[in-house]
Amino acid sequence: MLDFPRWKRFFLWAVTALCIVAAIPSLLSFTTIRWPDGVYKPMVNLGLDLAGGSHILLEADQRQLAVQRLENIEEGVRQAFDAANPEIGYSEVSTANNRLTITLENPSQVDAAREAILPLVNGTGLTREWDLDVLDGGQRMVLTPTSSGFQNAVTTAMDSATDVVRRRIDALGTREPTIIRQGDDRIVVQVPGLQDPDALKELLGQTARLEFKLLDDSPDAAALVQQGIAPAGSQIVPGARGSDYDGAVIAVRRLGGVRGDSLTAAVATRDPTNNEPAVSITFDSAGAERFARLTRENVGKQFAIILDGEVISAPVIREPILGGTSQISGGFTVAQSTQLAIALGSGALPVELTVVEERTVGPDLGAESIEAGGIAMGVGTLVLIAFMLLTYGRFGIYTNAALILNALMILGIMAVMGATLTLPGIAGFVLTIGAAVDANVLINERIREERARGRRVVQAVEAGYREASRAIFDANITNVIAALLMFFIGSGPVKGFAVVLIIGIGTSVFTAVWLTRMWVAMWLRRARPADIVL
Amino acid sequence: MKLLKLVPDNTNIRFLRWRVPFYVVSLLLMAASVGLVMTKGLNLGVDFVGGQMIRATFTQSATAPVEELRESVGSLGYGEPIIQQFGADNEISIRMRLPEGADEDPGLADQMARTITDRIEADHPDVRIDGVDSVSGKVSGELFQDGMMALGLAMLAISVYIWIRFEWQFGVGALFALLHDVTLTLGMFALTQMEFDLNIVAAILTLIGYSLNDTIVVYDRIRENLKKYRKMPIAELLDLSVNETLSRTVVTSLSVLITLLALLLLGPPVIFGFTAAITLGIFVGTYSSVYMSAPILIWLGVSGNSFVPTETAVDVQERKARGEA
């Protein structure tokens, strides 16, 4: 018991010192003293509930993604059939029930049709994206999305959606945002110190899918639209709020348009004719070519500029636009045009994102929480220290020293791990301090008992540590089990609490069992007391 | 120097003598708690039912105009708000159910929050919006499931650990004590209608941990004494074990209570429910480790032989060969 080899003492002190040094920068942040620049600076991060800020959970709309994929394959099949030699005739295309059904005009062309479709069915990797079935003796062909293919599509879409989200937030100029993929179809965005989460949510919620589609100019189109029926080959699109088409519906040609998902630049500007806010866009070379062809072949016709499924304007093409630059307007406010420029410039979201969870904390509330938490921690610790001194005397001093070192070590380890301190984390901190004394209480009580049974001082102390260790070990293991479950299953506040608890359990065993044992041993060896007050 | 001794040496309280009445009372309390949860229900927060919570402080007023707010927010057409004070008298939380159709169109929820905050800000220029929590129906369902799973798994995993470290009777006893603690805490939340959210799940997990801490310390001493005093009647042995660890139980519970009380009285109001749950749990947990987890061992048939290796057929033969009975 009394024998504490030098290497062991050195090890215990070294670990303690390292943890405490790591805690210093975090403690200094409450004072005016600055940590020297360029030196390694471990810091405990403050959670959004303490620092203030927004936590936003976005979820992809998988249904919309499925519909969009179907639209893409339809366009692909149509192009492939038209491009085939001889051309493959088809009479009907249906996208009902989340699959593509094509009715061929001539069943004898089924082999040619199959050949034309096959390259579209196999994706880039090894997974097949679509299942192809031929029904009714080759008259009908059905393409059904495979689940692995769809999962691939979701993953790809989420990867690029995460990039888009990052670019948009960066464009807003927010500092230190955290953007993390979560699960299959979610993205977590955390922005500290944000004052106006609404602007952010609006920006992230905007898909920014820009389409240019020709108006259906067939003579009976207008009449059909009035009845709510889409003319053959067309779709009905509502007008955007605030635009000239607010409240109206317009029929546009479903296929053969140009998409604005490959822009190289988008800048908020003003329309030179009427000085209204507008956004000037620049296509990349492929997009510019498609746009040039669309405008060249349809001079004199009207085309609709559609943003996220709503018509914002429908100008007449007066002359081919060959330079790849265009300007869009539609009753925007200045703020709207700025936001749209950011959204278009950062690329369209490949899938619609919706906010499924939001937690915003104002900076004042966070500051109040830190202050109240700090005061509670200080007062609680002081009363506890007095209580321990009164109950255990000299052993109480060891307990208290362990207690304070324990708190510093938790802070230090959290700093090195880059862990985040949240409000429940502070509660965990306070609670850990209360519970950390338990180990020492168990030991001290046991020493008392052994002395009462008549053991000599050294033997009593030794037995106290040995016998108490068993219960301390079991109790801490069960707490770790609970804490680990909280960490892995729990979310948000539960997680923040669990982190502190897990670290605290480790450090409290270290300080309360090992460190105090060393101190007691050193004292017993030096002073050789005949009796102890306990 | 004279040290403080809360529990005098050689204390011998015959706790176990009243085990039956205490058990009856505890079982009745548990039944009452289940009844309360079934009838009154838990006041589930937005974490678990979805909806929005807006927190606001009226910086220039001493108290928040709760009645007026209830009327003005209620007149916006989103249903009745639940308005609660927390912390200072001028701090409130306003809770709203998600508007109808919000599952299809999440924009509706946002719009609701903005309409409400705009209205409050227009009526009360001194208001400071401290935070908005908005949880969709889908996410809240997941949070509830995850939370309950964490609770259930924790109780099970801990019981299995005790079973491995001790004997099956101890595992059952610990599990029963935990059920007792969790049920009473839930009953308390049903009774007071305090908000039950994610933080409270964390609080219950914590009190499971600490209630068990107590149980283990008592069990550890019972195990030790069972090996030491093989012939002692079990009730007497349990009493001895509880009394021997009583001083530690009192000192530790007091220590944790000191820090919790500081947190409860001085800490941030946002975590009041959380600390209240743990504080209650410390009382319930300390009680249950003495009166729930120890007596059950008698009924489950723990005796002086529980920690003696079972005799094998070979042992029996050897014993008979030696001519022993």
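Throughout, a chain's letter reflects where its sequence line sits, starting with A, and its residues are numbered from 1. All values below come from the heavy atoms of this structure, side chains included, with hydrogens, waters and symmetry mates left out.
- Nearest heavy atom pair, residue B:Ala157 against residue A:Ile481, reads CB-CG2, 3.6 Å.
- Between B:Val135 and A:Arg359, some side-chain heavy-atom pair lies under the 4.5 Å cut-off.
- Neither the backbone nor the side chain of B:Gln52 comes within contact range of chain A; no heavy atoms are under 4.5 Å apart.
- Of the listed residues (A:Glu371, A:Arg446, A:Lys201, A:Met377), the one with the most heavy-atom contacts under 4.5 Å to chain B is A:Arg446.
- When each of B:Ala150, B:Gly147, B:Ala203 is checked for heavy-atom pairs under 4.5 Å with chain A, B:Ala150 comes out on top.
- Contact count against chain B (heavy-atom pairs under 4.5 Å) is highest for A:Ser369 among A:Gly374, A:Gly428, A:Ser369.
- Residues B:Val251 and A:Tyr392 meet the side-chain proximity criterion, which asks for heavy atoms closer than 4.5 Å.
- Among the candidates A:Arg186, A:Met388, A:His55, the residue making the largest number of heavy-atom pairs closer than 4.5 Å to chain B is A:Arg186.
- Within residues 447-455 of chain A, the residues having any heavy atom closer than 4.5 Å to a heavy atom of chain B are A:Arg448, A:Glu449, A:Arg453, listed by residue number.
- Pairing each heavy atom of A:Pro424 with each of B:Asn199, the nearest pair is CG-OD1, 3.6 Å.
- Listed by first then second residue, pairs satisfying salt bridge (charged side-chain N to carboxylate O under 4.0 Å, His left out) with a partner in residues 46-56 of chain A number zero, not counting sequence neighbours.
- Considering only heavy-atom pairs separated by less than 4.5 Å from chain A, the leading option among B:Leu153, B:Asp214, B:Asp197, B:Thr57 is B:Leu153.
- Of the residues listed (A:Val361, A:Thr360, A:Leu365), the one engaging B:Asp130 in a side-chain contact (heavy atoms from CB on, under 4.5 Å) is A:Leu365, and it is the only one.
- Looking at every heavy atom in both residues, B:Ile216 comes nearest to A:Ala471 through CG2-O, 4.0 Å.
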- Message: I'd like to know whether A:Glu368 forms a side chain to side chain contact (heavy atoms under 4.5 Å, CB included) with B:Glu91, so could you lay out the CA-CA distance, the side-chain angles of the two residues, the decisive distance to 0.1 Å, and finally the verdict.
- Response: CA-CA 12 Å; A:Glu368 279 170 18; B:Glu91 291 178 38; 4.1 Å; yes
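- Counting heavy atoms from C-beta outward, B:Val217 and A:Leu442 have side chains that approach closer than 4.5 Å.
- Interface check for chain A: of the options B:Ala154, B:Ser247, B:Gly50, the most heavy-atom pairs under 4.5 Å are formed by B:Ser247.
- B:Arg221 and A:Glu445 are not joined by a salt bridge, as no carboxylate oxygen comes within less than 4.0 angstrom of a charged side-chain nitrogen.
- Of all heavy-atom pairs between B:Val139 and A:Leu57, the closest is CG2-CD2, 4.2 Å.
- Here the side chains of B:Asp133 and A:Glu358 are not in contact, with every heavy-atom distance at 4.5 Å or above.
- Side-chain contact check for B:Thr252 versus A:Val437: every heavy-atom pair is 4.5 Å or farther apart.
- A:Ile370 does not touch chain B: none of its heavy atoms, backbone or side chain, sits under 4.5 Å away.
- When the ring pair (Phe, Tyr, Trp, His ring centres under 6.0 Å) test is applied to B:Phe58, the partners found at least two apart in sequence or on another chain are B:His124.
- For the set A:Ile477, A:Val379, A:Leu484, the entry with the most heavy-atom pairs within less than 4.5 Å of chain B is A:Ile477.
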Please tabulate, for the side chains in residues 267-278 of chain B, all donor-acceptor contacts under 3.5 angstrom to protein atoms that are two or more places apart in sequence or on a different chain.
| from | atom 1 | to | atom 2 | distance (Å) |
| --- | --- | --- | --- | --- |
| B:Thr275 | OG1 | B:Ile271 | O | 2.7 |
| B:Thr275 | OG1 | B:Phe272 | O | 3.2 |

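- By the 4.5 Å heavy-atom criterion applied to side chains, B:Leu3 and A:Thr391 are not counted as neighbours.
- The heavy-atom pair separating B:Leu205 from A:Ala482 by the smallest distance is O-CB, 4.2 Å.
- For the options A:Leu501, A:Val383, A:Ile489, heavy-atom pairs under 4.5 Å to chain B are most numerous at A:Ile489.
- No side-chain N or O of B:Tyr219 forms a donor-acceptor pair with one of A:Asp474 less than 3.5 Å apart.
- When all heavy atoms of A:Phe387 and B:Ser255 are compared, the closest pair comes out as CE2-OG, 3.6 Å.
- Taking CG of A:Leu485 as the reference point, atom CE of B:Met155 lies at 12.5 Å (rounded to 0.5 Å).
- Proximity to chain A involves both the backbone and the side chain of B:Leu263, based on heavy atoms less than 4.5 angstrom apart.
- Both the backbone and the side chain of B:Thr206 come within contact range of chain A, judged by heavy atoms closer than 4.5 Å.
- Between chain B and the residues A:Gly396, A:Gly366, A:Gly380, A:Ala498, the most heavy-atom pairs under 4.5 angstrom are made by A:Gly380.
- Proximity to chain A is limited to the side chain of B:Leu6, based on heavy atoms less than 4.5 angstrom apart.
- The closest side-chain heavy-atom distance from A:Glu467 to B:Glu224 is below 4.5 Å.
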